[in-house]
Every structure is written in C-alpha cells, then in structure tokens.
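Take a look at the structure set out below.
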Amino acid sequence: MISDTELVLKLKGGGSFVKLPPVFSDSKEYVIVAGVDCLYSYHVKTGKRFLVFKDCNEKIVGFDVYNLEGSEQLIACTRKGTVICWNLNTAVKLYSFETCRKNVKKFKLVNRLYKGNVMQKAMICWKKDKRINFGFLDLSSKKFKELTISFDIGDNFLVDVGGPVDNVFICLLENNILRFVTLNDPNNIITKKSSANFTYVLCHPEYECVLTGDEQGRIISWLKILQECTKTIYHWHSLPVKSICLSKGGSTFYSGGNEAVLVRWELFEPLNRRFLPRLPSAIEQLSVSEDNVFVAISTSDNAVKIISSYFDNVSNIQHLVLGDKFPGGIVFDPRTKALVMNGVTGCLQWYSPYDMNLLFSLDVSGRNKVTGDDVDKFVIPIDIVLFDINQLGSWTATVEELHSGDELSFECFLKFWHFDATEQKFKLNSSIMYPHEKKITAIKFQPSNKEIDIRCITTSEDRLFKIWQLFDSSDMYGCSVGWRNVGSGFYRDLTPSSLSFSHDGSIAAIPFNNILTTWLPKTCELKCSLAHPIYKEDIKQVAFGVGSQCHLVVAASNDRLSVWNLLTLSMTWTVRLNISFLQADFTTPYMSVFTDNKMFVFEPSSPKPVYINKEIGSNVICSIFTPNRYKSRTNGKWHEKSQIYFITSEKQLYCLDTNEETEEYTQFVYEETNNTLFSQITPNIKTSAMEQYEPIVHNYKKSSIKKLNMLLDYPPHTMPPTSLLCESVLSTMIFEAQKQNNANQSDSNSAEEQGDVTKIEIKEKNDMDVDTNEQLSSINLKPAEWMIGLL
Amino acid sequence: MPIFKPLNTRIYKKPNKVVTPDVIYWKKLGDPVLVKEFGPIDYIDFSPLEPHHFAVTCSVRVQVYNPITKLVVKNLSRFRENAYGATFRNDGKLLCSGSAESVVKLFDVSSKSLLRLFKGHTAEVHRTFFVEDRPQIISYSDDKSVKVWDISTEKEIVTYSEHTDYVRAGAVNPIMPDITISGGYDGVVKMYDARVGASILTAQHDAPVESVLFLPSGGIFLSCGGTDIKIWDMMGAKLLGSVSQHHKTITCMRLASDNKRLLSGSLDRHVKIYDTSNFEVVHTLTYPNSILSLGVSRNDDTVVAGLVDGLVCVSRREEDKEEDEAKKMSSFKYNAKKTTLQPTADLVVSSTEMGIQAKYDRKLKKFQYNKAFETVMASYVINKTPHVTMTVLQELQRRKCLHRVFEQLEHRYMLLLLTFFVRGISDVTFSRPLIPMIHMFMDIWESKLDTLPLEIVKKVIELSHMVTLENDILDQFSVLEGSLQMIVAASRASETPKDPLQKLNLMPSEEAQKKLVLNLT
C-alpha cells in the first residue's frame with residue numbers, strides 16, 4: 001500500500017485561547033491563559049510565554065490560582081472531572097484528583113477573598129439526568145462533598161457561585177429565568193424573570209449580589225434576592241453582553257461584548273462609566289488582577305490584551321487569528337518563510353509555523369470596525385477575499401470585496417503593496433477601484449526572479465481576465481513605480497474560474513467552463529484551447545507541473561481530475577474523484593488533492609498516487625505546500641523537500657510530518673526557474689585539461705576605451721570646457737593601463753585557484769619555478785654587491 | 001487602543017496636477033508688479049552686481065530699475081530715435097546699446113554719461129553685447145552685418161556681412177571670446193571666429209531667428225524662432241534637438257537657476273521653463289499679453305517680462321523667512337516642557353493625543369450620523385470638496401444608517417442633497433455609488449412628493465431629466481463602442497498571417513498532368 005504510516009499530524013497553531021477567562025497570578029507577574037488542552041503562563045509586562053502546563057489531555061472547563069502556605073498553585077478541572085494542580089512557578093504537577101464526574105459544567109474557587117483561610121474550597125458543577133449536582137472540594141484536606149439540587153432545567157444553562165464561605169449561594173440562569181439558592185437553605189429556590197434572555201452571570205464574592213447580562217445589552221444587578229430584591233439596570237451595550245468582571249474589592253465592574261468596547265461601571269451608579277473603544281475585535285472574556293492594577297481582555301481575534309486600570313496598554317498576547325473563514329487560502333511568503341492568511345477582518349496575518357509565532361499583520365482595508373446598532377442590522381465589513389505574493393516576496397496583491405445585497409453597491413479594490421526594505425514593512429503602492437465589474441475569482445503573480453517587469457493576472461466573473469504590469473513612473477524628481485492594466489482577454493463570453501502560471505512564467509493556463517486555454521502573459525495572445533469531447537465538467541482549478549513535468553497541466557473539476565499535455569495537446573490521464581480542492585507545490589512536482597474523505601498526493605505524470613491519507617479530507621478548508629525547513633531522513637519520498645500545511649474546519653493549523661527528530665536544512669534554495677531539460681543533462685561544474693591561451697590585447701583597448709566612450713556619450717553642455725577635461729582624461733587612461741596590468745595578474749591567479757585538481761598541480765610547479773627564479777636572482781645580486789664592495 | 005481611522009476621502013477625489021519641486025519653486029514668484037512704459041519693451045538685461053538692477057530698453061530710452069522698489073534709478077535718454085538691446089558689462093558699470101540711429105552707444109551707468117559712439121552701421125542696430133574679458137563690443141544690425149568694435153579706439157575691428165536679411169539676434173561665447181553667433185531673419189544662424197575673420201559654421205533654423213543663446217559650457221547653443229527652440233552642437237552644427245512647446249513665435253530666451261533652467265517667452269503670452277539637461281517643461285508662467293523680452297536675476301529673485309503693450313511685469317520671489325521666525329517665538333508659559341525638569345520618581349500617566357480630525361470624522365466617531373450628514377451637506381463642502389460628501393454618504397450607507405438619515409431629512413438639506421445628486425449623476429466616478437442612494441431616496445420620498453415644497457419637486461424633475469439625458473448619452477456611447485470594436489476586430493482578423501501556399505492554390509500544371517504514372521501492383 002502506498003499509504004505512509006510514518007507520517008503523523010502535528011498541530012502547528014490555531015485553536016481558541018479565549019474560551020475561558022485568563023487568570024492573573026497573585027504576584028501579578030503572570031497571566032494564565034487556557035488553550036485547547038493546555039494552560040500557558042505569560043509574563044504580564046512583556047507578553048512573552050513562560051511555561052506550559054500539560055497533562056490535561058481533555059478539555060479544560062475551569063482553572064484558577066490559589067495561594068497555599070506561601071506557594072502559588074494552579075488548579076484546573078477538565079470536562080471529565082479530573083482536578084489537576086501544578087506549582088505555578090515550575091509547572092511541576094503536584095497532584096491530580098479524580099472526582100469521577102462526567103460532563104462538568106463549571107469549576108470555580110470560592111471565598112478567595114479570605115486569604116490565609118485554610119477553608120478554601122473549589123466548586124464543581126455537573127449535570128446528570130436533569131439534575132444539577134454540586135461538589136465542593138476542600139483544597140487542604142482534599143475531601144469531596146456532594147450536594148444535589150434538583151432543577152427542572154435544559155442543557156443550556158449558566159451557573160455561578162458566590163458569597164462568603166459561611167453563606168455560599170448559587171445562581172442558575174436559563175433563558176430569561178433566574179434561580180437563586182443559598183447552601184444554608186438549599187430547598188428555598190427563588191425564581192425571578194427578566195424580559196430578555198440572559199447571556200452571562202456573575203456572583204459577587206462577598207455580598208448577596210448577582211450581576212447578569214442579557215441579549216438586549218443590559219446588565220442587571222440583583223441585590224438581596226432573598227429579601228426585597230433590588231434591581232439596578234446598567235444599559236449601555238446595544239449588543240448582547242458577553243462578559244462581566246468584578247474588581248477585587250467589588251465596587252466596580254467591567255463589561256464587554258461584540259461592540260469591542262470595554263466599559264467600566266461603578267456598582268450601583270449606572271451613569272458613572274468609562275469606555276475603552278476600538279479594541280481589535282469583540283470582547284470574549286474579562287479578568288482583573290488581585291489588586292485591580294491590570295485588566296486582561298480576551299478578544300475574539302484570539303488575543304489577550306493586558307491594560308492598566310487607567311486604560312493604558314501594557315502588553316498584548318497574540319495567537320493565530322481565527323477568522324470566520326479563510327477565503328484567500330494560505331500563501332507562502334518566501335521572504336519570511338511564513339504562512340500568510342486572512343486575519344482580523346480587513347487584515348492579513350503572517351504566521352510562522354516553525355516557532356508557532358504570529359509575525360505581523362497588515363491592515364489592508366484601513367477602515368474602522370463598525371458594529372450595527374442591532375443584531376439584525378449587522379454591518380458587513382469589506383474583507384480581503386484573495387491575495388498573492390510574488391516569488392521574491394517584495395510585492396503583495398490583495399483583493400477586497402464587499403457584497404451587500406444588490407449589484408450596485410458591490411465594492412471591489414485591488415491593492416498592490418511593496419515591501420520597503422529600509423522600513424521593513426509593506427507600503428501601499430497602487431490601489432485600483434473596480435478592477436473588474438464583478439467578483440474576482442483568482443489572482444496570481446507571474447513567477448519571476450526579477451524586480452522589474454512583474455506581471456499579475458486577475459480573472460473575474462465579468463468574463464474577463466486582466467493583466468496588470470509594474471511600470472516605471474519616475475520623472476526627473478525621483479523614482480517611483482506603479483501598477484497598471486496592460487491588457488485584458490476573454491474567451492467565448494465564458495467565465496474564467498481559475499488561473500495558473502507555468503513554472504517559468506512564460507504561459508498562463510485559464511479554464512473557461514470546461515475549456516482549458518493557455519495564454520501568453522506578455523502579449524495576451526491565445527496559444528491553445530483544449531476541451532475533451534466526453535468529459536465536459538466545468539473546470540474549477542488548474543495547476544501547472546514543475547520541472548520535468550512542466551508541460552503538464554492538471555485540471556480539477558468537481559468530480560474529475562484530468563491532466564493535459566501541452567506538447568501533444570491531448571489529455572494524458574483522467575480519474576473520477578469528488579474533489580474539494582487541488583493544491584500544487586511550487587518547488588517539487590508533487591500535488592495534493594483533497595476529496596470529501598481522503599487526501600491524495602500524486603505526480604502529474606502518473607495517475608497512481610504516491611500517498612493516500614484517509615484521516616483528513618472533508619474538514620480541510622485550505623492547504624499549502626512549503627519548502628521543508630528541516631532535513632528529513634526519508635530520502636526520495638514526496639515529503640523530503642516540502643511539507644503540507646492545512647487548516648481544518650476547527651480552525652486549527654496542522655502539518656503532515658515524520659515522527660522523527662528533525663535537523664535544520666543547511667541550504668534552503670529554490671530550484672532555478674530556467675531549469676530546462678537540456679540544462680539538467682549538462683554538468684554544473686566543467687573542467688578541462690586544455691590550456692587556454694589568452695590572445696594579447698592592448699591595455700588601452702580593454703576597458704579604458706569603454707570609459708572614454710561613456711564620457712563622450714555625455715551631453716556636452718553638461719560638461720566643463722574641453723580644455724579643463726583633457727588632462728584628467730589622459731591621466732585616467734594612464735592610470736587605467738597600470739591598473740589593468742595589476743588586474744591581469746591577479747585575475748590569472750584567481751582563475752588558477754578555481755581550476756580543477758590537475759591545474760593545481762601545474763600551479764604548484766609554477767610556484768616552484770618562481771621560487772628557483774627568486775633564488776637565482778638573489779644569487780645574481782650577491783656577486784654584484786660583492787663587486788661594488790671591490791670597486 | 002488604536003486610533004480612529006479617518007475616512008479615506010481621496011478615493012473619489014479628482015487627480016489634481018502633480019506638484020513637483022519646480023512648481024513650488026516657481027510658484028513662490030508671486031503676482032507680478034506691472035510698470036507701464038511707452039512702446040513695446042525691446043530688451044531687458046540684469047546687472048550682475050547686487051542688488052541686480054535691470055535695464056529696460058523701450059522707445060527712445062533705457063531705464064534702469066531697482067528690482068525691490070520697482071522704481072527707476074537711472075534714465076538714459078540720450079537717444080533721438082528708438083533705443084535697442086541695452087546690455088550691462090560683466091562688472092555692471094558700463095552699458096552699451098544699439099539704436100535706430102544706426103549707431104552703438106556706450107554709457108557709464110552711474111553718471112549716465114555717454115562715453116563712446118560707434119558709427120559704421122547703415123541701418124538700425126538691434127543687439128549689442130560686450131565681449132567677455134576683452135575691451136570689445138559686438139553689434140548686430142539690420143544692415144545684415146555683425147561688427148566687432150574696439151572700445152578704447154572706437155574703431156571697428158571686424159565686419160561679418162554674411163546674412164541675407166536683418167540680424168536681430170546674437171550671442172558671445174562665454175568661454176572663447178573669439179567666437180560669436182548671430183541669427184538673422186533669413187532663418188540662418190552663423191558662427192564667426194574673430195581669428196579667421198569669417199563665419200566658420202552655418203546652422204539652418206528654417207524660421208526668422210529671434211534670439212540665440214550659448215549654454216555656459218560654450219559647446220552648445222540654442223536658437224529660437226518660429227515656434228521652435230533648436231539645440232545645436234558647436235562641433236559641426238549638429239542639431240541635437242528641437243523643442244516646440246509654444247504655439248506662437250518665441251521671442252526671447254534666458255537661463256536661470258544657476259544655468260539649470262531655461263526660460264522662453266513667446267507671443268502666446270506664456271513663459272515656459274525647461275530643465276537644461278533634458279529640455280522638458282517643468283513649469284509655465286502666464287502673462288497678460290504677448291512677451292517680447294525676458295530677464296532673470298542671477299539668483300532667480302526677480303523675473304521680469306516685457307510685453308508688447310509696454311508693460312513691464314516684475315515678479316519677485318517671496319521670502320518665507322519671517323514665518324519661520326514667528327514659529328520659533330513662543331511664550332515661556334507654553335514652552336514649559338523644554339525648560340522644566342521632568343520628575344522621574346512619579347508615575348506619569350501620559351494623555352492620549354488625539355490628532356486633528358475632520359468634522360465629519362468626529363461625528364462619525366460618536367455615531368451622530370445626522371450631524372455628519374449635515375456637515376458634508378453644507379453648500380461650500382458640496383462645491384469645493386464633493387469627494388468628501390461622496391465618501392461620507394457612502395460610509396453612511398455602509399453603516400446602514402443612510403435610510404434613517406434620508407427619512408429624517410429636513411427640506412433645507414433635501415434641496416442640497418438633490419443638487420448634489422443632479423451634479424454627481426453625470427460624473428463618472430460619482431454616478432456608480434450615487435445610483436443606489438438615489439434609489440433609496442426615491443423609495444422613501446416618491447409617495448410623499450406632493451407634501452414637499454415646490455422647489456424640491458422641481459429639483460426632483462430636474463434630476464429625472466438629468467438621468468434621461470445620461471441614459472441617452474450612454475446609449476450613444478455604447479453604439480460608438482460597438483462600431484469601434486467592429487473596426488478593431490476587423491483589423492485583427494486581417495492581421496492573422498495565412499499560409500502563403502494556401503493562397504497559391506496549387507493545381508497540377510498541364511505538363512504535370514500529362515506525365516501521369518499509374519502504379520499497378
């Protein structure tokens with residue numbers, strides 16, 4: 001079987017870091033953030049990662065930090081009810097405790113305000129057969145006490161616990177009903193109703209006070225529910241409240257939601273509020289440090305922002321941004337060796353999978369994030385739908401589109417960004433409004449190793465493809481470049497769906513419905529159009545082969561994969577497959593195709609796949625081949641030189657990798673683009689034993705004449721009078737001649753050094769000759785001196 | 001917290017003229033001061049000495065002006081008939097001038113006294129020049145001759161009579177004093193060498209030459225006449241190039257900006273400024289009437305143009321030094337940051353600095369959409385910066401609040417909005433985003449039109465007329481485009497190369513048909 005068992009899936013990033021609120025350590029030095037099944041501690045001031053707390057192997061439902069006998073400990077509870085405790089400063093696992101409860105909903109430490117009190121307890125809440133169970137774990141004695149309160153309640157409920165240790169109360173929310181009960185009197189359940197569905201609940205750690213957020217954006221504080229029940233309404237949010245967080249003293253609280261605005265309220269003073277607007281994304285979680293100095297804001301772009309209590313930025317912990325989708329797929333940036341994909345709305349992000357680090361993000365649209373007034377009036381932002389980076393990594397092209405219903409309000413921008421090497425950032429060079437009248441389906445740079453004469457092609461649903469070219473717009477005041485449309489093409493009024501350049505960039509393949517056409521990008525001239533008489537499926541994607549298979553074009557339709565030979569203009573082979581997408585490698589001849597349940601790796605020359613993976617397939621959104629950074633020991637295999645990365649529908653980035661230790665590739669070079677079949681059979685290094693005689697060339701002819709010509713080509717009116725020039729011209733010629741002599745000698749030396757083994761031998765002989773000559777001359781000299789002495 | 005990103009209003013802005021450093025430099029010249037003289041201004045020459053007085057030759061006198069006060073400093077009026085082409089010597093002390101009396105006159109500038117009188121020409125003398133480093137004067141006359149005079153003896157040294165028409169232009173080589181050129185109305189530029197005593201070179205300009213000029217290297221000379229400036233190489237009179245930027249006769253040329261720029265004045269009322277390395281126009285100055293003569297002071301401070309109707313336009317460079325000084329002045333109170341020591345032990349809470357934001361941006365930031373709409377609907381915004389109005393309208397539409405704004409529209413703003421619609425619908429860049437907005441407006445107000453005041457209804461009718469007109473134009477354009485495409489397609493079809501053998505349609509010749517061989521196997 002071709003299937004490789006030695007390849008395993010490795011997580012390279014992604015996954016939400018903002019499902020649970022971050023927690024500050026008591027020393028305020030670290031902030032702990034929950035990943036998928038790990039906890040990470042970061043330095044508050046620098047935002048750098050410090051420790052990883054593993055050993056969970058399960059989804060974490062809650063975690064907290066507590067102080068036991070002077071040492072800080074981190075305690076977490078998984079969904080299966082395992083309580084694990086680590087030393088916070090060393091990440092050493094201290095103990096784990098099985099409560100053996102499935103389906104844990106909530107884990108929280110109570111009475112944390114009483115420091116030094118040995119009676120610290122952890123509350124675990126789980127649901128079993130329509131009954132809500134509560135367990136209290138005494139952290140010093142490790143005793144677990146269960147308590148069952150029967151509520152008639154569905155699966156989607158919110159729960160929180162609060163109050164001092166001697167009067168713990170529990171608050172349960174479902175839809176718009178609030179249930180309140182104290183542990184001292186568990187049978188007295190008080191039920192309250194609200195006009196809107198609840199979205200968040202928070203119990204005050206000291207008083208009999210509950211804060212709830214609802215879908216209408218209101219925050220209600222319920223005070224003394226057992227007695228008269230006073231309600232205070234805090235209403236600023238227009239969208240549902242996503243998170244509320246009380247300060248440690250309990251006098252102020254923070255709230256946030258989809259508006260991406262942090263609001264600070266004073267308890268019982270609904271009009272006294274402060275705002276921190278324009279956070280990068282919607283607020284998911286909030287947390288306050290022990291002495292209220294820092295506030296951690298988890299935003300939906302998978303980042304944790306730490307601000308001071310006076311709303312100054314302290315640090316930013318940014319993970320791979322998980323957008324709703326990745327419409328532009330993944331593009332490999334050859335300059336930074338990073339993967340480029342859509343980030344926050346209107347931004348591109350550069351993510352390095354090797355160190356799992358987000359390098360930077362580029363704000364393409366430059367617009368403010370605007371949330372609508374209502375849930376119904378959602379403002380659709382303009383977002384990047386396509387992008388590409390050229391082969392040198394110096395240009396990025398982005399396509400932004402906005403479809404807001406009717407055809408007339410369609411907006412589209414094509415932008416070209418140039419990488420400024422001195423400032424080390426991308427700068428906007430050209431912005432083209434309405435490059436096409438309709439949706440753009442593909443954008444690709446022409447492969448080129450040059451910095452000039454770069455072309456880019458866009459295909460669109462307006463049945464045209466357009467060629468954009470970099471042009472020199474410099475004048476006498478300075479150099480500048482820009483992009484402009486140099487040509488557009490169409491074929492039979494059909495819609496081009498995809499685009500692929502041959503490896504040397506000389507030809508572009510564009511499919512129109514079921515017809516595959518090839519064009520010369522330089523002149524926009526149709527070279528050939530290929531259609532099979534039987535297989536008439538619309539081609540969705542095309543890709544050129546690489547190297548010795550550069551004459552093959554792979555065309556993928558929804559249920560067929562076929563390969564065309566451009567030399568014979570015939571179909572080489574075709575296979576019936578339910579293809580979701582095709583991904584070509586740009587350095588090796590291999591390609592991968594994803595179907596609804598499998599992934600195949602194949603070469604265009606053969607219909608037999610070299611690798612089949614049955615685990616991945618349907619849930620892959622997009623993928624990319626990257627040159628392998630590490631030297632793999634599996635020589636000759638398809639994954640020796642390149643790796644495949646892909647993003648799954650769970651927004652996680654994986655790569656297929658061997659399960660062995662890897663070492664760094666020493667050389668990381670591209671294959672040259674002008675690697676023809678002929679150049680493959682000619683040797684790279686040539687040696688010859690033939691001695692080459694250099695014809696005698698007069699010195700003045702060699703290079704000085706060139707310079708003189710250069711001087712004569714100058715416009716005469718820009719030069720000083722000839723009488724002043726004459727001497728210097730003559731003197732430079734003399735100097736050149738001398739220099740030329742020296743250069744000749746050094747040249748011949750270096751030429752000999754580069755020669756092969758036989759030549760070195762000759763050189764050694766020559767050296768000997770020189771030595772003897774020198775000796776002879778010294779002998780010759782000596783008698784002369786002696787003679788002088790005599791005279 | 002990231003700052004509020006301002007709206008990008010440049011999207012809909014019409015591309016304005018590129019502002020180059022040259023434009024900024026020459027724009028500083030400011031409006032000219034006009035001085036009225038009698039008769040057309042024949043010649044203007046600047047004194048090489050500070051403060052660069054300039055001599056204006058017109059009618060029967062030569063007047064020396066102060067460029068700062070624009071007042072006459074000296075008046076040389078010892079002419080019975082018209083004076084022509086008064087030029088300063090390189091020390092600024094002497095001045096020579098031709099005249100209609102067919103004599104060349106030499107003046108002392110400070111005492112205004114006539115020092116020499118050179119007689120010998122038989123017709124008007126239009127141009128006279130001092131020879132660099134030599135006590136000589138060269139004069140160019142309508143008697144078709146060029147004469148070189150010795151100043152001390154008042155005698156003529158050489159006479160070149162090689163033109164066939166009036167000689168109205170001349171120049172002396174700045175490097176080689178023996179070389180001089182003259183341009184005549186016979187359309188020929190001649191170069192003379194005093195050592196040879198005759199012309200050594202002839203360049204055909206093909207139009208009456210109005211002015212000639214040597215570039216400072218002395219190897220290249222320019223001649224102007226007709227609408228062309230021709231650039232000649234001294235070696236063999238090679239034509240290096242021809243510049244035609246004027247559409248009427250070019251009358252004068254001057255070098256400026258340390259010989260890096262060339263100015264040419266023409267009867268078409270323009271002065272074009274060229275870069276002397278590539279002769280591209282970098283700026284244009286416009287004057288109220290046809291220009292006859294031009295003068296530029298050594299440091300480009302003053303540009304003087306003499307017009308046909310006797311006006312002397314003196315433009316002076318405006319200095320901006322005073323402004324810089326004003327900026328530096330600040331009271332101690334407000335400059336406390338620089339003078340007081342910053343405390344270091346305290347925790348400093350820095351205030352966030354808000355940049356200057358446009359009014360509409362401030363309103364948008366606070367979600368005050370109606371107010372943002374009202375700020376951009378002011379008539380001066382609509383008239384001066386329609387692109388701002390367009391961008392804000394589109395932003396409101398993007399934020400899905402334009403509908404509400406339109407619903408709550410006051411009559412005053414409705415009228416302005418309709419005016420904007422009427423004006424914008426015919427604009428290529430505006431029409432596309434405007435169409436959905438007009439749709440929205442009409443959806444809301446169409447049924448209530450009868451409740452609106454008459455002038456608004458009139459505007460709506462005007463808008464509908466405008467839309468029909470636009471539709472008609474677009475129809476015509478598509479007809480034109482279609483016919484053009486037919487032509488283009490036809491030309492392409494004819495281009496496609498055919499196999500030459502196919503055209504021949506080879507048939508077997510009679511001879512070939514006769515020699516028929518059948519293979520019987």
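Lettering of chains follows the sequences in order, A, B, ..., and the numbering in each one begins at 1.
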Backbone of Phe4(B) reached by a side-chain donor or acceptor of Asn368(A) within 3.5 Å: no
Met433(A) atom CE, neighbour heavy-atom count above 12 within 6.0 Å: yes
Qualifying salt bridge (Lys or Arg N to Asp or Glu O under 4.0 Å) pairs, either residue in residues 427-437 of chain A, two or more places apart: Asp420(A)-Lys427(A), Glu423(A)-Lys427(A), Glu437(A)-Arg432(B)
Non-neighbouring partners of Ser460(A) that pass side chain to side chain donor-acceptor pair (under 3.5 Å), sequence neighbours left out: Asp462(A)
For side-chain contact (heavy atoms from CB on, under 4.5 Å), just list the numbers for Val370(A) and Arg398(B), CA-CA rounded to whole Å, side-chain angles, deciding distance to a tenth of an Å, and then say yes or no. CA-CA 9 Å; Val370(A) 181; Arg398(B) 245 178 239 142; over 6 Å; no
Answer yes or no: does atom CZ of Phe490(A) have more than 12 heavy-atom neighbours from other residues, nucleotides or ligands under 6.0 Å? no
Report, as yes or no, whether the 6.0 Å neighbourhood of atom CZ on Arg273(A) holds more than 12 heavy atoms from other residues, nucleotides or ligands. yes
If you round to the nearest 0.5 Å, how far is CG of Asn8(B) from OG of Ser365(A)? 11.0 Å
Could you check whether any side-chain heavy atom of Tyr434(A) comes within less than 4.5 Å of a side-chain heavy atom of Thr429(B), counting everything from C-beta outward? no
Pairs of heavy atoms under 4.5 Å with chain A: top-ranked of Gln394(B), Met176(B), Met437(B), Met234(B): Gln394(B)
Got Arg278(A) and Lys5(B) here, is their nearest side-chain heavy-atom distance under 4.5 Å? no
Against chain A, label Tyr12(B) side chain, backbone, both or neither, depending on which of its atoms sit under 4.5 Å from a heavy atom there. side chain
Interface residue of largest heavy-atom contact number with chain A, from Leu364(B), Ile231(B), Leu7(B), Asp22(B), under 4.5 Å: Asp22(B)
Given that the side chain runs from C-beta out, which part of Ile307(A) has a heavy atom under 4.5 Å from chain B: side chain, backbone, both or neither? neither
Choice from Thr20(B), Leu215(B), Ile435(B) maximising heavy atom contacts with chain A below 4.5 Å: Thr20(B)
